[in-house]
Amino acid sequence: MLSDPPADCGLCPRLVAFRHENRRLYPEFHNAPVPSFGSAGARLLVVGMAPGLKGANRTGRPFTGDYAGDLLYDTLLTFGFATGAYDKRADDGLSLVDCRITNAVRCVPPQNKPVGAEVANCRPFLAETIAEMPALKVILVLGSLAHGATLAALGRKKSSAKFGHNAVHELGDGRRMVGSYHCSRYNTNTGRLTEEMFHDVFRRVRGLLDAG
Ligand SMILES: O=c1cc[nH]c(=O)[nH]1
């Protein structure tokens with residue numbers, strides 16, 4: 001099984017049609033499934049929802065060029081999970097440290113909203129991404145869609161762990177799942193998620209990793 005879909009992945013008809021439309025409208029964009037970013041040897045996996053049209057779908061790197069990426073990459077740099085400088089482009093030289101970033105759905109969805117069947121179609125890639133990380137200790141899920149997709153990828157029921165901001169769930173194998181509100185423009189503009197709240201989550205993640 002592949003941990004990243006092939007560039008011409010055809011599992012989701014709606015997303016394939018959107019990809020073809022975007023290739024016509026924006027031929028200079030990446031316009032393909034966005035692969036995970038960071039080493040499979042990392043202890044931290046951050047799971048987002050799906051690439052943004054003019055962000056990750058343009059640059060080909062998760063969260064890169066997306067509004068949500070500004071807060072995410074700044075926070076990763078602050079907490080030592082990245083080095084270099086984030087400059088909203090895949091060739092900015094930023095590298096992740098002990099951290100990997102992926103999305104529950106790898107292709108950009110219309111209106112930024114994947115449907116259930118698309119999350120399910122992409123689940124094997126998330127499952128394989130998790131399975132190929134031997135040192136993985138913490139999975140940080142950004143938002144309830146990523147929370148549900150990650151539980152499903154782990155073969156667990158949604159009812160086995162309730163999504164909550166800064167909530168920690170033991171996965172029973174020494175691994176933990178931590179929840180955070182998604183660092184989206186909507187959530188930060190409405191005040192549902194502040195920078196301080198997001199930092200609190202990363203402080204907790206760092207503490208869990210440091211505790212071993
Ligand atoms: O969840 C998200 C949001 C923006 N960009 C991504 O790659 N994922």
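Note that ligands are numbered from 1 as they come in the structure, with each ligand's atoms numbered from 1 the same way. In this chain, numbering begins with 1 at the start of the sequence shown. Treat the numbers as computed from the prediction; the structure is a model and nothing was measured.
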For [Y], does its backbone N or O pair with a side-chain atom of [X] as donor and acceptor, under 3.5 Å?
X	Y	value
R23	N31	yes
N22	F18	yes
D98	R43	yes

Run the numbers for me: atoms of ligand 1, each under 4.0 Å from some heavy atom of P62, listed by number.
7 (O)
For A56, counting its heavy atoms only, list the atoms of ligand 1 lying under 4.0 Å from any of them.
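Ligand 1 atoms under the 4.0 Å threshold to A56: 7 (O).
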Checking the N or O distance criterion of under 3.5 Å, is ligand 1 in contact with F63?
yes
Does P51 have a heavy atom less than 4.0 Å from any atom of ligand 1?
yes
Counting heavy atoms only, name the option from V47, N57, N103, D66 that's nearest to atom 4 (C) of ligand 1.
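Heavy atom nearest to atom 4 (C) of ligand 1 belongs to D66.
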Hey, looking at atom 6 (C) of ligand 1, which of A50, G65, G48 has the closest heavy atom?
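Nearest heavy atom to atom 6 (C) of ligand 1 lies in A50.
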Measure the spacing between CZ of R24 and CZ of R19 and express it to the nearest 0.5 Å.
15.5 Å
What side-chain hydrogen bond (donor to acceptor under 3.5 Å, both in side chains) pairs are there with at least one residue in residues 168-185, not counting sequence neighbours?
E170-R176
